[in-house]
Peer 1: 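Here you go, one structure.
The sequence lines fix the lettering, A, B, ..., with proteins before strands; numbering per chain opens at 1.
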Amino acid sequence: MNSFFSQPTLQLAQSLIGMELVHESKEGITSGIIVETEAYMGPEDRAAHSYGGRRTKRTEVMFDQPGSIYMYFIYGMHVCFNIVSGPPGKPEAVLIRALEPVSGIALMEKRRYSSWKRSPAQARKIMHLTSGPGKLCQAMGLGLELYGSKMNKGPVFLKENKKIPASMIEAGPRINVHYAGEAAEYPWRFWLRGSPYVSKS
DNA sequence: CGTCTGATTAGG
DNA sequence: CTAATCAGACGA
């Protein structure tokens, strides 16, 4: 299973589509099928946090074993969940961008909407629970404390699910990496064809 | 130190 | 389209 994370990063990003991501937290279990990922290819990828081999407290974990968990805080208010890939010393990672909720949907709703500041009466739809990298972390209860821990050796792990044929996986440019020049065009975002849970815009 | 910015989201 | 909101990155 460790070899699963040792796949080349672009391949791993596609293999993850269709797998079930599970988080066993104190509050309860939540899980969802991964329907959207993005690959970040390390020192040569201008969109990557590890571009140019940048090695800081934040990016350090990307130099660790594949299957390590990279969490980061962004825009002053969101966290994102990534799985480190590439051999040790090659700082690559796969960002999990969207899930189709499976287990613990009530808990997901609670986590996302209980501290709702504005109109709580609005009917929120299940597609808004995990259809984005920040949303899924909130719904799944994935926080910065997971930084550096290992997939399948703690409260966060993958479950095999039904195999997704390659023809069901689409590829396109990554989201919000306009600062990355040419790299912004690379088709390193992958998603499950037709899934309503894929992030918008 | 000071300044800028971002692998986002929700609302208008 | 923009506000929200702040840690990290980097230059001085």
Peer 1: Nearest whole angstrom, please: distance from the C1' of B/dA7 to the NE2 of A/His49.
Peer 2: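 Atom-to-atom, A/His49 to B/dA7, this comes out as 5 Å.
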
Peer 1: From CG of A/Asn82 over to P of B/dT8, roughly how many Å is that when rounded to an integer?
Peer 2: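 That distance rounds to 10 Å.
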
Peer 1: Run the salt-bridge test on A/Arg174 and A/Glu38 with the 4.0 Å N-O cut-off and return the result as yes or no.
Peer 2: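 Here A/Arg174 does not pair with A/Glu38 in a salt bridge, since their nearest N and O are not under 4.0 Å apart.
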
Peer 1: Would you say A/Arg54 reaches C/dG8's phosphate, i.e. side-chain N/O to OP1/OP2 under 4.0 Å?
Peer 2: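 So the side chain of A/Arg54 is outside the cut-off, no N or O lying under 4.0 Å from OP1 or OP2 of C/dG8.
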
Peer 1: Check whether any side-chain nitrogen or oxygen of A/Thr56 sits under 4.0 Å from OP1 or OP2 of C/dA9, and answer yes or no.
Peer 2: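 It does, given that an N or O in the side chain of A/Thr56 lies less than 4.0 Å from OP1 or OP2 of C/dA9.
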
Peer 1: Among C/dT5, B/dA7, C/dA9, find the nucleotide with the atom closest to the side chain of A/Arg58.
Peer 2: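 In terms of side-chain proximity for A/Arg58, the closest of C/dT5, B/dA7, C/dA9 is C/dA9.
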
Peer 1: Whole Å only: how far is the OH atom of A/Tyr70 from the C1' atom of C/dG8?
Peer 2: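 Result: 10 Å.
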
Peer 1: State, without any angle test, whether A/Thr130 and A/Arg97 hold a side-chain donor-acceptor pair at a distance under 3.5 Å.
Peer 2: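 The criterion, which ignores hydrogens and geometry beyond distance, is not satisfied for A/Arg97 and A/Thr130.
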
Peer 1: What is the separation between atom CD on A/Glu36 and atom P on B/dT8, rounded to the nearest whole Å?
Peer 2: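 It is 10 Å, rounded to the nearest whole Å.
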
Peer 1: What's the closest nucleotide to the A/Asn176 side chain, out of B/dA10, C/dA9, B/dT8?
Peer 2: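 Nucleotide nearest to A/Asn176's side chain: B/dT8.
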
Peer 1: Rounding to a whole Å, what distance do you find between A/Ile74:CD1 and B/dG6:P?
Peer 2: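 My rounded result for the distance is 8 Å.
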
Peer 1: Could you measure between the two P atoms, the one in B/dT5 and the one in C/dT2, and give it in whole Å?
Peer 2: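 These two P atoms come out 15 Å apart once rounded.
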
Peer 1: Nearest to the side chain of A/Tyr179, heavy atoms from C-beta on, is which of C/dA9, B/dA7, B/dT8?
Peer 2: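 Minimum distance to the A/Tyr179 side chain belongs to B/dA7.
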
Peer 1: Using a cut-off of less than 4.0 Å, is there contact between a side-chain N or O of A/Arg112 and OP1 or OP2 of B/dT9?
Peer 2: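 No, because none of the side-chain N or O atoms of A/Arg112 sits under 4.0 Å from OP1 or OP2 of B/dT9.
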
Peer 1: Donor-acceptor pairs under 3.5 Å, side chain of residues 74-90 of chain A to any protein atom, not counting sequence neighbours: which ones?
Peer 2:
unit_1	atom_1	unit_2	atom_2	d
A/Asn82	ND2	A/Tyr70	O	3.1
A/Ser85	OG	A/Thr9	OG1	2.3
A/Lys90	NZ	A/Glu92	OE2	3.2

Peer 1: Partner of B/dA7 by Watson-Crick or G-U wobble geometry, both contacts under 3.5 Å, or none?
Peer 2: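 Paired with no nucleotide.
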
Peer 1: On a plain distance test, is the side chain of A/Tyr72 in donor-acceptor contact with the base of B/dA7 below 3.5 Å?
Peer 2: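 Answer is yes: a donor-acceptor pair is held.
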
Peer 1: Applying the 4.5 Å side-chain criterion to the ILVMFWY set and letting contacts propagate, would A/Val22 and A/Met108 be lumped into a single cluster?
Peer 2: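 Different clusters: A/Val22 never reaches A/Met108 through Ile, Leu, Val, Met, Phe, Trp or Tyr contacts under 4.5 Å.
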
Peer 1: Applying side-chain hydrogen bond (donor to acceptor under 3.5 Å, both in side chains), run through A/Lys150 and A/Ser68 and close with a yes or a no.
Peer 2: CA-CA 4 Å; A/Lys150 310 298 175 214; A/Ser68 300; 2.8 Å; yes

Peer 1: Compare the ring of A/Tyr40 with the six-membered ring in the base of B/dA7 and state whether they stack (centres under 5.5 Å, planes under 30°).
Peer 2: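 Yes, aromatic ring over the base.
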
Peer 1: Answer with base, sugar-phosphate or nothing: what part of the nucleic acid does A/Lys135 contact at a heavy-atom distance below 4.0 Å?
Peer 2: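 A/Lys135: backbone/sugar contact only, no base atoms under 4.0 Å.
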
Peer 1: Which one, C/dT5, B/dT8, C/dA9, comes nearest to the side chain of A/Thr59?
Peer 2: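 Given the options C/dT5, B/dT8, C/dA9, the side chain of A/Thr59 is closest to C/dA9.
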
